[in-house]
Amino acid sequence: MIKRNLLLVLTVFVMAAMVLSACGGAQTPEVTEPEPVEEPEEPAEPAEELAVGIVLPTKDEPRWIQDETRFRDALDEAGYDVEILFSQGSSAKEKENVEALITKGVQVLIICPHDGTAAAAAAEAAAEAGVKVISYDRLIRDTDAVDYYVTFDSIQVGAQQAQYLVDRAEGTGNPLYLYAGAASDNNAFLFFRGAWQVLQPKVADGTFEIVNSDEAVALSDKAELTRQEEANIIGQVTTNWDFNVAKNLAEANLTVAPAEQKGDVFILAPNDGTARAIADAFAADNDVTSYVVTGQDAEKASVQYIIDGKQSMTVLKDVRNLVQDAINAAVALLQGNEPMAEGSYDNGVKDVPAIPSEVIAVDADNVQEALIDSGYYSADDFENLP
Ligand code: BGC
């Protein structure tokens, strides 16, 4: 910042001097000295261009604004100037963004697809132009035009959500409401798979009774589901990652559920935005006496909901780590090296190398330690921290 301010002041100063000397004639121009500015430690230089472009899915969810902010922080710190574009929930806009970046000469594309399958065309356009493609957070499916996948451990996200519910359920016949992400997002399948692994034995032994998906009820003896079976369940309980869809679906489920499937309920909500919408719908139902509801992303609004007792937990996915993994992978690819990998993810056509980053379950008991003491957020962002 100081560097940029100094540059600006110097530029204005030089321009002012030039204008004054051009029109000054015989008079000696009075050039006032600029206000003294703090000396930077290094000589001023503009941020270095990094031949990388970033495409994120939408500005309408705090999660992706978080990623943008963390990318900007990390890139500024490293002195890189990189373009970040948003696709606003449209695969067509996403492809335009990718084409614009290719035209500008990026050599590495970091892209979080709006729709994992539809994004294959954008990835292929990039690969044909010789651009390396890093799939960011969400996997691009059904194409070999993906070089690397930067991700959190999404199976663990679902498993931690489900474990939270299991740990709080006593006796048998506890009503369980399932909700999932968008079927166009491969992560929705991974989250659900991770959750199913933990929940299914507890449905089979009678601890839980699934209320709102007859597909899930029909499959409740099966420990491992095929992708098609997962799709059948997700099709019944999808929120499409949309707060309004989530709210309407929860209300519709509560309208048809009899009072005995309410009382003390357990809710698998896939992420924070949908969790808040679903929690509000359950809180408004007079037959619901208590609810345990999961979430994901540690969005500030949900952290406040957790402090206020309106959401039970979230899963912290430390975006700073994901951003750093993405930058490291991009730099490795630019240097002609293979980014580090610890395993791979099947995208339907190719096993894409990846390092899955760790995730942490957060509730009222560890919110201070996990989110404030760790420096992820500032205590000032919240009211009534425990
Ligand atoms: C991300 C989540 C996010 C969701 C909705 C998923 O692919 O992994 O963090 O909440 O999309 O945007």
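Numbering of ligands and ligand atoms starts at 1, following listing order.
Between the side chains of Asn347 and Asp142, no donor-acceptor pair is found at a separation under 3.5 Å. Under the 3.5 Å distance criterion, with hydrogens and angles disregarded, no donor-acceptor pair is assigned to the side chains of Thr238 and Asn240. Side chains of Asn271 and Thr274: a donor-acceptor N/O pair is present below 3.5 angstrom, by distance only. Asp272 and Gln296 form no side-chain donor-acceptor contact under 3.5 Å, judged by distance and modelled atom types alone.
Distance alone, capped at 3.5 Å, places no donor-acceptor pair between the Asn366 side chain and the Glu369 backbone.
Geometrically, Lys310 engages Tyr305 in a cation-pi contact defined by less than 6.0 Å to the ring centre and at most 45° from the axis. A cation-pi geometry, defined here as NZ or CZ lying under 6.0 Å from the six-membered ring centre and within 45° of its normal, does not hold between Arg320 and Tyr376.
The protein atom (non-hydrogen) at minimum distance from atom 10 (O) of ligand 1 is Asp297 OD2, 2.6 Å. Ranking the protein heavy atoms by distance from atom 11 (O) of ligand 1 puts Arg138 NH2, 2.9 Å first. Scanning the protein for heavy atoms near atom 4 (C) of ligand 1, the closest one is Trp241 CE2, 3.5 Å.
Close contacts between ligand 1 and Trp64 involve ligand atoms 1 (C), 11 (O), 12 (O) [criterion: under 4.0 Å to a heavy atom]. Counting atoms of ligand 1 from 1 in the listed order, those under 4.0 Å from a heavy atom of Arg63 are 1 (C), 2 (C), 8 (O), 9 (O). Every atom of ligand 1 with a heavy atom of Glu61 under 4.0 Å away is listed here by number and element: 5 (C), 12 (O). Close approach of ligand 1 to Asp185 is summarised as follows: ligand atoms under 4.0 Å from at least one heavy atom of the residue are 6 (C), 7 (O), 11 (O). For ligand 1, the atoms lying closer than 4.0 Å to a non-hydrogen atom of Asp137 are 1 (C), 7 (O), 8 (O). The contact set between ligand 1 and Asn271, taken as ligand atoms under 4.0 Å from a residue heavy atom, comprises 3 (C), 4 (C), 5 (C), 10 (O). Atoms of ligand 1 lying under 4.0 Å from any heavy atom of Lys317, numbered from 1 in the order shown and given with element: 1 (C), 2 (C), 8 (O), 9 (O).
The residue Thr58 has no part lying near ligand 1, judged by heavy-atom distances below 4.0 Å. Contact annotation for Phe191 and ligand 1: only side-chain heavy atoms (C-beta onward) come within less than 4.0 Å of the ligand. Under 4.0 Å from ligand 1, not a single heavy atom of Phe152 appears.
Note on ring orientation: taking the six-membered ring where Trp is involved, the planes of Trp241 and Phe191 are perpendicular (angle over 60°, cut-offs 30° and 60°).
The aromatic ring centroids of Tyr291 and Phe266 lie 6.0 Å or more from each other.
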